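Since this is a predicted model, take the numbers as computed values, not measurements.
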Amino acid sequence: MAYDEELADRIRDLLGPMLPETVEKKMFGGLSFMIGGNMAVAASGKGGLLVRVDPAEVDRLVDGELVAPMVMGGRSMHNWLRVDSTLLADDDALRGWIDRGVGYARTLPRK
């Protein structure tokens with residue numbers, strides 16, 4: 001399954017004015033958006049949004065259905081969440097997840 005191009009366009013539109021230094025990169029079947037060389041969010045090739053978060057927030061954010069840890073190669077990625085597209089219906093909701101991913105990516109050393 002290819003990533004959701006409409007979601008990618010929405011992410012691009014919301015990030016563009018805020019972060020002109022954003023770099024897009026196709027990876028793992030999706031389209032990731034990188035800040036300072038660190039992935040922040042991605043339109044997933046499996047649907048929905050991948051969001052990089054502070055590991056200390058994971059337990060509070062996961063609901064097990066619509067927000068779940070990202071699994072890659074059978075392994076749960078401890079600071080990545082998969083957010084179901086039903087939670088991204090409006091731009092305010094999407095912006096909240098983007099802000100969370102960008103905020104965490106900005107705490108990481110630049111690559």
For residues 33-41, tabulate all N or O donor-acceptor pairs below 3.5 Å that involve a side-chain atom, not counting sequence neighbours.
| from | atom 1 | to | atom 2 | distance (Å) |
| --- | --- | --- | --- | --- |
| Asn38 | ND2 | Pro109 | O | 2.9 |

Distance in Å, [X] [atom1] paired with [Y] [atom2], rounded so as to fall on 0.5 Å steps:
X      : Y      : atom1 : atom2 : result
Asp4   : Ser85  : CG    : OG    : 7.0 Å
Trp97  : Leu87  : CH2   : CG    : 7.0 Å
Leu61  : Arg100 : CG    : CZ    : 4.5 Å
Arg106 : Leu108 : CZ    : CG    : 12.0 Å
Leu15  : Ile98  : CG    : CD1   : 5.0 Å
Thr22  : Leu14  : OG1   : CG    : 11.0 Å

Could you walk me through whether Tyr104 and Val53 pass the side-chain contact (heavy atoms from CB on, under 4.5 Å) test, one step at a time? CA-CA 6 Å; Tyr104 184 68; Val53 299; 5.6 Å; no
Looking at every non-hydrogen atom in both residues, tell me the closest pair between Leu7 and Gly48 and how far apart they are.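 It is CD2-O, 3.4 Å.
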What is the minimum heavy-atom distance between Arg82 and Gly47, and which atoms define it?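 Heavy atoms only, the tightest pair is NH1-O, 3.2 Å.
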Ignoring hydrogens and angles, write down the donor-acceptor pairs under 3.5 Å from the side chains of residues 24-31, residues two or more places apart or on other chains.
| from | atom 1 | to | atom 2 | distance (Å) |
| --- | --- | --- | --- | --- |
| Glu24 | OE1 | Arg12 | NE | 3.4 |
| Glu24 | OE1 | Arg12 | NH2 | 3.0 |
| Glu24 | OE2 | Arg12 | NE | 2.6 |

Does CG in Asp63 sit with more than 12 non-hydrogen atoms of other residues, nucleotides or ligands closer than 6.0 Å? yes
In this structure, are over 12 heavy atoms from other groups packed under 6.0 Å from Arg60 atom CZ?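 Counting other residues, nucleotides and ligands, CZ of Arg60 exceeds 12 neighbours.
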Less than 4.5 Å apart, side chain to side chain, heavy atoms only: is that true for Ser32 and Tyr3? no
Would you say Leu49 and Ile11 make side-chain contact, with heavy atoms under 4.5 Å?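 Yes, at least one pair of side-chain atoms sits under 4.5 Å.
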Has Arg10 got a side-chain atom pairing as donor or acceptor with Arg95's backbone, closer than 3.5 angstrom?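 Checking the backbone N and O of Arg95 against the side chain of Arg10, no donor-acceptor pair under 3.5 Å is found.
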Output side-chain donor-acceptor pairs under 3.5 Å for residues 64-74, partner residues at least two apart or in another chain, one line each.
none

